[in-house]
Amino acid sequence: MSYPEPRYHGEPGLANATLRRTDHEPEITYASGGTAHYLATGASTDGHFGLYRWEMPEARGGPDPHFHRTISESFFVISGAVSLYDGKEWLEAGPGDFLYVPEGGLHGFHNESGPASMLILFAPGAPREDYFETLARVGKGMQMTEDEKTAFYLRHDTYWR
C-alpha cells in the first residue's frame, strides 16, 4: 500500500478547513425523534467519504441486514449501546467500539436498549443524503409503490437480505 498521487501541488498550503460545531442543528429529524447530522457529505469531500452522526432515540430503530456494492460503511459508537450486524451475528457494541464493513459486506444496526449515538462513515462519499431524507419522509407518511421502492434502493446501492 502506498500513498495516492498528490491532489494538491501548491507550496504554501491552503486555509480551507471546515469546522462544524457540536451544537449545529441536525439536518434530519425522524418521526421517531432520532436525528442525522451531516458532518461531511460526499459533495463536501470531493467524493472521498461521507461522515454522519446518528442520534438514536429510546425507540428501537435502524436497518436490517443489507449490503452495498459500491461503498464501504463504518460505524463508531459514541454513546449508549448499538447492536451491529457483522454478516454473521448481531453484536452489542458500546462507546469506542468500531465496525468496518467493506463493499459487499452484510451489515445492519439497531439500538435495542435506549438512546445511542454513533458515527457512520461511507467511502467513497456517495450521495446518501437523498436516501436519509426520503426515509424520513416515508417515516412521516410518504407512500411509495413497490416499483418506486425497488428503484429507490437500487439508486442508493442498498440490497436487503
Side-chain angles (χ1 to χ4, degrees), residues 20-45 48-161:
R20 179 171 166 130
R21 299 278 183 193
T22 191
D23 61 354
H24 192 282
E25 291 295 316
E27 279 69 20
I28 301 174
T29 300
Y30 289 91
S32 66
T35 60
H37 300 258
Y38 297 175
L39 304 179
T41 65
S44 70
T45 66
H48 289 280
F49 66 92
L51 181 64
Y52 306 87
R53 187 172 77 232
W54 225 249
E55 304 283 344
M56 296 172 279
E58 186 78 28
R60 182 184 186 276
D64 289 327
H66 62 284
F67 68 93
H68 309 289
R69 295 181 188 282
T70 64
I71 54 178
S72 67
E73 191 168 354
S74 299
F75 305 90
F76 180 82
V77 179
I78 298 169
S79 66
V82 179
S83 293
L84 298 173
Y85 186 68
D86 70 353
K88 296 176 282 209
E89 62 183 318
W90 288 95
L91 307 166
E92 179 141 331
D97 288 340
F98 175 79
L99 177 69
Y100 167 69
V101 183
E103 297 87 341
L106 288 169
H107 62 284
F109 66 86
H110 295 137
N111 63 315
E112 303 279 355
S113 58
S117 65
M118 67 179 172
L119 297 176
I120 302 176
L121 175 75
F122 295 95
R128 299 298 288 171
E129 300 78 31
D130 177 63
Y131 181 78
F132 302 145
E133 292 162 12
T134 300
L135 290 181
R137 290 191 298 275
V138 167
K140 293 177 180 176
M142 183 182 106
Q143 300 290 314
M144 292 193 328
T145 67
E146 287 304 312
D147 286 346
E148 289 170 331
K149 285 180 191 176
T150 298
F152 171 74
Y153 290 125
L154 287 174
R155 184 170 68 252
H156 289 291
D157 187 29
T158 301
Y159 301 87
W160 298 100
R161 290 297 169 248

> Counting C-beta onward and ignoring hydrogens, is there a side-chain heavy-atom pair between F109 and M118 closer than 4.5 Å?
yes
> In the structure I gave you, are the side-chain heavy atoms of E112 and W90 within less than 4.5 Å of one another anywhere?
no
> Looking only at heavy atoms, what is the nearest atom pair of V82 and A116, with distance?
CG2-CB, 3.7 Å
> Would you please test N111 and W54 for side-chain contact (heavy atoms from CB on, under 4.5 Å) and show each step?
CA-CA 11 Å; N111 63 315; W54 225 249; over 6 Å; no
> In Å and rounded to the nearest 0.5 Å, what is the CE to OG1 distance from M144 to T150?
8.5 Å
> For E89, look at atom CD and say whether over 12 heavy atoms of other residues, nucleotides or ligands are found less than 6.0 Å away.
yes
> Between R128 and H68, is any pair of side-chain heavy atoms under 4.5 Å apart?
yes
> Under the criterion side-chain contact (heavy atoms from CB on, under 4.5 Å), I'd like the reasoning laid out for H156 against T134: C-alpha separation, chi angles, the key distance, then a yes or no.
CA-CA 11 Å; H156 289 291; T134 300; 5.6 Å; no
> Between S113 and A81, what is the shortest heavy-atom contact and its length?
OG-CB, 3.6 Å
> Could you pull out the closest heavy-atom pair between E129 and Y38, with the gap in Å?
CG-CE1, 3.3 Å
> Relative to the ring of Y153, is the ring of W160 parallel (under 30°), tilted (30 to 60°) or perpendicular (over 60°)?
perpendicular
> Any chance you could measure L99, atom CG, to S74, atom OG, to the nearest 0.5 Å?
7.5 Å
> Quick one: OH on Y30 to CZ on R137, what's the gap to the nearest 0.5 Å?
10.0 Å
> If you define the side chain from C-beta out and look only at heavy atoms, does anything of I71 sit under 4.5 Å from P124?
yes
> Check the pair L39 / L119 against side-chain contact (heavy atoms from CB on, under 4.5 Å), numbers first and verdict last.
CA-CA 9 Å; L39 304 179; L119 297 176; 3.7 Å; yes
> Please tell me if the side chains of F122 and Y52 come closer than 4.5 Å, counting only heavy atoms from C-beta onward.
yes
> Within the 4.5 Å heavy-atom criterion, are Y85 and D64 side-chain neighbours or not?
no
> Check whether F67 forms a cation-pi arrangement with R161 (NZ or CZ under 6.0 Å from the six-membered ring centre, at most 45° off the ring normal).
no
> Work out which heavy atom in S117 is nearest to a heavy atom in E55; give both atom names and the distance.
CB-OE1, 3.1 Å
> Roughly how far apart are L91 CG and D86 CG, rounded to 0.5 Å?
4.5 Å
> Do you know which two heavy atoms are closest between H110 and G62, and how far apart they sit?
CD2-O, 3.3 Å
> Using side-chain contact (heavy atoms from CB on, under 4.5 Å), reason through D130 and F152 one step at a time and then give a plain yes or no.
CA-CA 10 Å; D130 177 63; F152 171 74; 4.3 Å; yes
> First locate atom CD of E25, then atom CD of E27, and finally report the distance between them rounded to the nearest 0.5 Å.
9.5 Å
> Closest heavy-atom contact between S32 and P57?
O-CG, 3.4 Å
> Within a strict 4.5 Å, meaning less than it, do heavy atoms of the E73 and H107 side chains meet?
yes
> Quick one: are H24 and R53 in side-chain contact, heavy atoms under 4.5 Å?
no
